[in-house]
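Here's the structure we're looking at; comments come further down.
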Amino acid sequence: MRTGSAVQYDRYGGFDVVELVDQERPEPGPGDVVVEVSVAGLNHIERFLREGRLKEFIDLEFPAHQGVDFAGVVRSRGAEVRDLHVGDEVMGHAPHGGAHATWVTVPRGAVVKKPATMTFEVAGSLYLAGCTALSVVRGLRLGPDDTVVISAAAGGVGHIECQLARDAGATVIGLGSPRNHDALRQIGVLPVAYGDGEEGRITEIAEGRPITAFIDNLDGGDNAGLAERLGVAENRFVSSEDRRDLEIRFLRAPGDDSEAAEMLTTLGDLVERHKVQFIISGYYPFEYIVDAYEDLAEMHSRGKVVVGMQPVETGSRLHWYKSEKSRDLRDPVPRSEAS
């Protein structure tokens, strides 16, 4: 196969500026690999970037290419790449976007080998949410004496933070919609519903344990005030702005970023050892990528939304993928749940 498709947009805007354009199979530079993408993840921050909401942080050159998370198979390598071979299964990130495509060309350092038992769906959406979550939890240095509250606990980043905090020994209280409470209990989280009285519900479920940390994954609201009322020290409150800064850092991490590679390798190991259960909320064929982003924009996704470049279903049954979701869009969410 020598021709494929790639997502491109030539101006800031909504879904209407997104188009699928023809893509010729690229040739790698000396230190690059060309990966045939199997699955790519979707992230809210990529939508915000396309809409022009991150202009003060990132300069885009048009036409711009979308997508940072991906997993796939190495199809060619540059002359300087010695430790990867054609046919190797890898996962990683596209430093300048472009993962929403049939092929992506990235520096060798931007990929790590995919664990053998990990599905492409998980591997292709692990990087940005996973590295953000791991960075947040590492920064708090949580341990057995900690009780941490995490908002949007069932979201793409939140559900990973919850499990990493639990693995560190902390007691985890997750703020989320009632429809997600059973899912949170299954990953060892004490669920609490949003809304009036949430402070009292948090205190009650903590059963006398002091709240020592708070991770805010929500845009808007007054979780900073809630954390203060719960007695959380200022240096142990992670704001949504702090999280956004981390996402931007990993969104544009260079190909030789050793920290990003180490984190992705660590996350892969945690998933493979079942320390982290990674939730896929929606799986879409690549040609339905606008539908996938519309799904994500509803802000009701539990876990991650992904696109598959080579779905096994074709023809009249292709729509089947669009209906298999693990949440109900009719359920209201009081504030924007970022994932």
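Because only heavy atoms are used, hydrogens play no part in the values below, and waters and symmetry mates are left out as well, while side chains stay in.
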*Is Arg50 positioned over the aromatic face of Tyr293, cation under 6.0 angstrom from the ring centre and no more than 45 degrees off axis?*
yes

*Over-ring placement of Lys304 relative to Phe278, 6.0 Å and 45° cut-offs*: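 Geometry flag: not set, cation outside 6.0 Å or 45°.
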
*Mind checking whether Phe62 and Tyr9 have parallel, tilted or perpendicular rings, split at 30° and 60°?*
perpendicular

*asked:* Same cluster or not: Val112 versus Val86, using hydrophobic residues (I, L, V, M, F, W, Y) connected whenever any side-chain heavy atoms lie under 4.5 Å apart?
replied: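 No, no single cluster joins them.
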
Closest approach of [X] to [Y] (non-hydrogen atoms, all atoms of both residues):
X      : Y      : answer
Gly92  : Leu264 : CA-CD2, 3.7 Å
Gln23  : Ser5   : OE1-O, 3.4 Å
Ile289 : Leu42  : O-CD2, 4.5 Å

Main-chain N/O of [Y] paired with [X] side-chain donor or acceptor, under 3.5 Å:
X      : Y      : result
Arg243 : Thr132 : no
Thr265 : Ala261 : yes
Arg201 : Asp196 : yes
Ser281 : Val305 : no

*Show your working on side-chain hydrogen bond (donor to acceptor under 3.5 Å, both in side chains) between Glu161 and Asn217 and close with a plain yes or no.*
CA-CA 10 Å; Glu161 291 170 336; Asn217 291 306; 2.7 Å; yes

_Before you tell me yes or no, could you show the steps for Ser239 and Asp242 under side-chain hydrogen bond (donor to acceptor under 3.5 Å, both in side chains), namely the whole-Å CA-CA distance, both residues' side-chain angles and the distance that decides it to 0.1 Å?_
CA-CA 5 Å; Ser239 70; Asp242 294 331; 3.1 Å; yes

*Considering residues at least two apart in sequence or located in another chain, which fulfil the side chain to side chain donor-acceptor pair (under 3.5 Å) criterion with Arg249?*
Asp257, Glu259

_Tell me every residue that passes salt bridge (charged side-chain N to carboxylate O under 4.0 Å, His left out) with Arg138, counting only those two or more places apart in sequence or in another chain._
Glu262

*Between His100 and Phe70, does the ring centre distance come in under 6.0 Å?*
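Centroid separation for His100 and Phe70: 6.0 Å or greater.
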
*Using the salt bridge (charged side-chain N to carboxylate O under 4.0 Å, His left out) rule, take Arg108 and Asp83 through it: C-alpha gap first, then chi angles, then the decisive distance, then the call.*
CA-CA 9 Å; Arg108 162 64 186 92; Asp83 58 342; 2.9 Å; yes

*Qualifying residue for side-chain hydrogen bond (donor to acceptor under 3.5 Å, both in side chains) with Thr212, from Thr147, Thr171, Asp146*: Asp146

